Structure formats: structure tokens, C-alpha cells
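Everything quoted here is computed from the prediction, not taken from an experiment.
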Number of protein chains: 2
Amino acid sequence: MMARLSIRIDLDPQGRIGPGKIDLLEWIGRTGSISAAGRAMKMSYRRAWELVDSMGQVFGQPVVVSQTGGRHGGGARLTPFGEQLIARYRMIERVAAQAAAPHLDALQDEMRARDAADTAPLGADATP
Amino acid sequence: MMARLSIRIDLDPQGRIGPGKIDLLEWIGRTGSISAAGRAMKMSYRRAWELVDSMGQVFGQPVVVSQTGGRHGGGARLTPFGEQLIARYRMIERVAAQAAAPHLDALQDEMRARDAADTAPLGADATP
DNA sequence: GAACGTTATATCCAATGAAGCATAACGAGC
DNA sequence: GCTCGTTATGCTTCATTGGATATAACGTTC
């Protein structure tokens, strides 16, 4: 039983960013196109575009700049802020995982330890 | 613009546990009943029960023991494992947040810094 | 200037999730 | 023994989400 950490960042009004959006950004950076990134992640262009757009709205600034028409029909690139966002997220992910590692291990030990052993029936009353 | 960390733990085959399920467990511990916990969280009993059940399945052992009938109609209590699970999750949440804090701050600075400033149009080509 | 692949957007539809409602079993308290 | 609140479960909507498809605009390349 493996246990990994999954991190997301909650922004104040309403907006989250988690591993999915960050992966998408990385794919856009790698492929130079939203649609190619979508294909790589087996995600519809529509969804990929919506995710990109929602990030731009949440952060109040675009995470990618795009171009219609052109060499291969157009394309998209990460903005400097988009790249920073990826870097920050990965950094946070890394340090959080490091800090949590021993506790995750302990949790797994506890899971194995009690394996359906003690589940005392409830005797006294709880707070009603 | 506030940024908080939100943590969830991914278990190997398929199973996640995040803030929602942990909150629910805490409410069950506090109130001594699944339905009361559901009400407190404005969640249907159905859903609360399903979440509890899914946790039991994911971990291969119950996180709460329940009793039908009785003093106030029945009730539910956390198993020792359930309590340990809460404690571990909160611990992980705490150390992860501590480790991530400076980077979250940095991210917020970066968000403010670039506020729609530089979004250079794409000139060269990307990896096609 | 025609072709191509992409962005951007609208529309329709399927899948999923969750709420709501209904019901049975249960057991302490009155 | 009747009531009451809870567990446990089924079933029936209802809303949200995401996929699929269609279309227009666009600009390099041929």
C-alpha cells in the first residue's frame, strides 16, 4: 500500500490549482500548443482550453500566450508567470513531500499494524 | 490574494483522502453519530455514510464502528485507527504547510509583481 | 491563393455525483 | 409495547462536468 502526497493550492476567492493544471502547463510548454498538450493528456481541446483560461482568470493574468494561424496553424507558449507558477508548484510539492514523508511512512505502518484487529464496540455514550 | 495549501493522500490502488473526509471523521468523533456529522456539514446522511464506507474499504479496516438502535437511536464512534488517521493527516497537513509557507509567500509576491505586465508575444517556434 | 493546423467558441449529449425521499431494522427509554 | 432517532440501503431526480462535434478566423507555408 503506497501513499503519496497530492498538493493543491487554494486561492482566496475561489480558485484551485493542482497537479492536473500544472501537468497541462508543462505539456503546453513542451509541445508549444494547447491542442497537442490536450492530446498528450488524452483530454479534449475544449477542456484543456478551459483549464488554461480558468487559470488566467484566477491569477488575473495569462499563464500562456497564444497565436492563431501561422507556421503550424498557431500555437501557445507559457508566459514568464506561467513558468514561475510551474516552478513554484513543483518546489512546494517537493518540500511538502519531504516534510511529510516520515509521517506518511508512520501512517502506513499503522495501517498494517491494526489490520482489522481492534474495533472495540461502543459502550459509553457520545456527545448527543 | 491568500494562498493556502490543501493536502490529500493518494493510496496506491485507488483511494484518496483529503480535508473533506477528515473533517467528517472529526465531526463524527465530536457528535457520536454519522447523521449528526452530516447535518453539521450540511451534507446528506447518504453521502456521509458513503464517505465513511469508502474509507473503510480503502484502508481495509473500519474507521468508525456503528450501532443501530439504542439510546438515541444508535450512533457511531471512531475506531482507534480512525483517530490515528485524523491525527496523522493533521500532522502531515501541518508540517507540509510549514515547509511550503515561504514558497507560497514567494508565489504571491510573483503574482503581484507581474500583474499583467509582461506577456511577450511568441516569436520563435516551439517544439512541434 | 489554397491548404493546413491551431485558437476560440457554441451547441448538444453522456456520464458522473450528490441530494432527496422512502423504507427496514434496531434497541434503549418511557 | 410504543416511540424515537439512527444505521443501512435502494431508487429517483437534478445539477454539474466533460466529451464530441461544428465552425469561424487566422497566418505561415507551399
Partners meeting side-chain contact (heavy atoms from CB on, under 4.5 Å) with [X] (sequence neighbours left out):
X: V95(A); answer: A99(B), H103(B)
X: Q98(B); answer: none
X: S54(A); answer: K21(A)
X: A48(A); answer: L24(A), I34(A), M43(A)

(request) Considering just the side-chain nitrogens and oxygens of S66(B), establish if one lies under 4.0 Å of OP1 or OP2 belonging to dA8(D). (result) yes

(message) Applying salt bridge (charged side-chain N to carboxylate O under 4.0 Å, His left out) as the test, list every pair that has at least one member in residues 78-89 of chain B; sequence neighbours left out.
(response) E110(A)-R88(B)

(request) Not counting sequence neighbours, list each pair that qualifies as a salt bridge (charged side-chain N to carboxylate O under 4.0 Å, His left out) and has a residue in residues 49-61 of chain B. (result) R46(B)-E50(B)

(request) Taking the side chain as every heavy atom from C-beta outward, state whether L85(B) and I17(B) have any pair of such atoms under 4.5 Å apart. (result) yes

(request) Name every residue in residues 35-47 of chain B that has at least one heavy atom under 4.0 Å from any atom of DNA chain C, in order of residue number, or write none if there are no such residues. (result) S44(B), R46(B), R47(B)

(request) List in numerical order all residues of residues 18-27 of chain A for which some heavy atom is under 4.0 Å away from an atom belonging to DNA chain C. (result) none

(request) Apply side-chain hydrogen bond (donor to acceptor under 3.5 Å, both in side chains) to D23(B) and list each qualifying residue two or more places apart in sequence or on a separate chain. (result) R90(B)

(request) Could you list the residues that satisfy side-chain hydrogen bond (donor to acceptor under 3.5 Å, both in side chains) with S6(B), not counting sequence neighbours? (result) none

Rounded to the nearest angstrom, tell me the gap between atom [atom1] in [X] and atom [atom2] in [N].
X: R71(A); N: dC30(D); atom1: CZ; atom2: C1'; result: 13 Å
X: Q67(B); N: dT6(D); atom1: CD; atom2: C1'; result: 10 Å
X: E50(B); N: dC11(D); atom1: CD; atom2: P; result: 14 Å

(request) Assess the side chains of T31(B) and S33(B): does a donor N or O sit below 3.5 Å from an acceptor N or O? (result) no

(message) What is the first contacted nucleotide of DNA chain C and what is the last, in 5' to 3' order, if contact means an atom lying under 4.0 angstrom from a heavy atom of chain B?
(response) dA18(C) to dG29(C)

(message) Just to verify, what does R16(B) make a salt bridge (charged side-chain N to carboxylate O under 4.0 Å, His left out) with, not counting sequence neighbours?
(response) D10(B)

(request) Using heavy atoms to find the nearest nucleotide of DNA chain C for W49(A) and G73(A) separately, return the residue whose nucleotide is more 5′. (result) G73(A)

